[in-house]
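To start, the structure itself, in structure tokens.
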Amino acid sequence: MAKKVAAKLFATEAAVDTALVEASEFMSEMLKARQDVNASLVFADDCQVKLMEALKALSEARTAMVAVHEELNQAKLRLGIRTKMNGQDKPTFLAETDSDRAVAEAV
């Protein structure tokens with residue numbers, strides 16, 4: 001169960017980061033497009049403002065996901081679930097003994 005929760009956590013974190021990247025690239029393209037057509041700074045300014053609001057919301061969502069990650073890490077430790085880093089940036093959950101397996105399956 002802990003593996004499933006961790007996988008969803010990592011997927012959600014990646015999705016938020018991807019959304020931030022896409023929105024940032026969208027902002028860049030929108031600003032370049034305005035310059036390419038030699039439009040005034042006020043042209044589509046309302047769109048730029050709304051996109052900045054969206055970027056702010058995505059940034060706040062990322063901060064919230066960091067907090068969720070930390071809280072789940074604390075919960076994992078309270079349950080006695082150990083992780084082992086295997087050279088990747090995401091932990092691999094190990095159940096080394098029968099009691100560890102029981103805890104891991106209970107989570």
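Note that the numbering runs from 1 along the sequence shown for the chain.
- Contacts of E25 classified as side chain to side chain donor-acceptor pair (under 3.5 Å), with partners at least two apart in sequence or in another chain: none.
- The hydrophobic clustering, which links ILVMFWY residues whose side-chain heavy atoms are closer than 4.5 Å, places V21 and M65 apart.
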Only distances under 3.5 Å count here; give the side-chain donor-acceptor pairs of residues 28-52 to other protein atoms, sequence neighbours excluded, each with its distance to 0.1 Å.
| unit_1 | atom_1 | unit_2 | atom_2 | d |
| --- | --- | --- | --- | --- |
| R34 | NH1 | A39 | O | 2.9 |
| S40 | OG | V42 | N | 3.2 |

Side chains of residues 55-64: which donor-acceptor pairs under 3.5 Å do they make with residues two or more places apart or in other chains?
| unit_1 | atom_1 | unit_2 | atom_2 | d |
| --- | --- | --- | --- | --- |
| K56 | NZ | E60 | OE2 | 2.8 |
| R62 | NE | D17 | OD1 | 2.6 |
| T63 | OG1 | S59 | O | 3.2 |

Residues E13, V68; criterion side chain to side chain contact (heavy atoms under 4.5 Å, CB included); working and verdict: CA-CA 10 Å; E13 290 172 336; V68 167; over 6 Å; no

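- Note: the hydrophobic cluster containing L9 does not contain L77 (ILVMFWY, side chain heavy atoms under 4.5 Å, direct or indirect links).
- The NE2 atom of H69 sits 7.5 Å away from atom NZ of K76, with the distance rounded to the nearest 0.5 Å.
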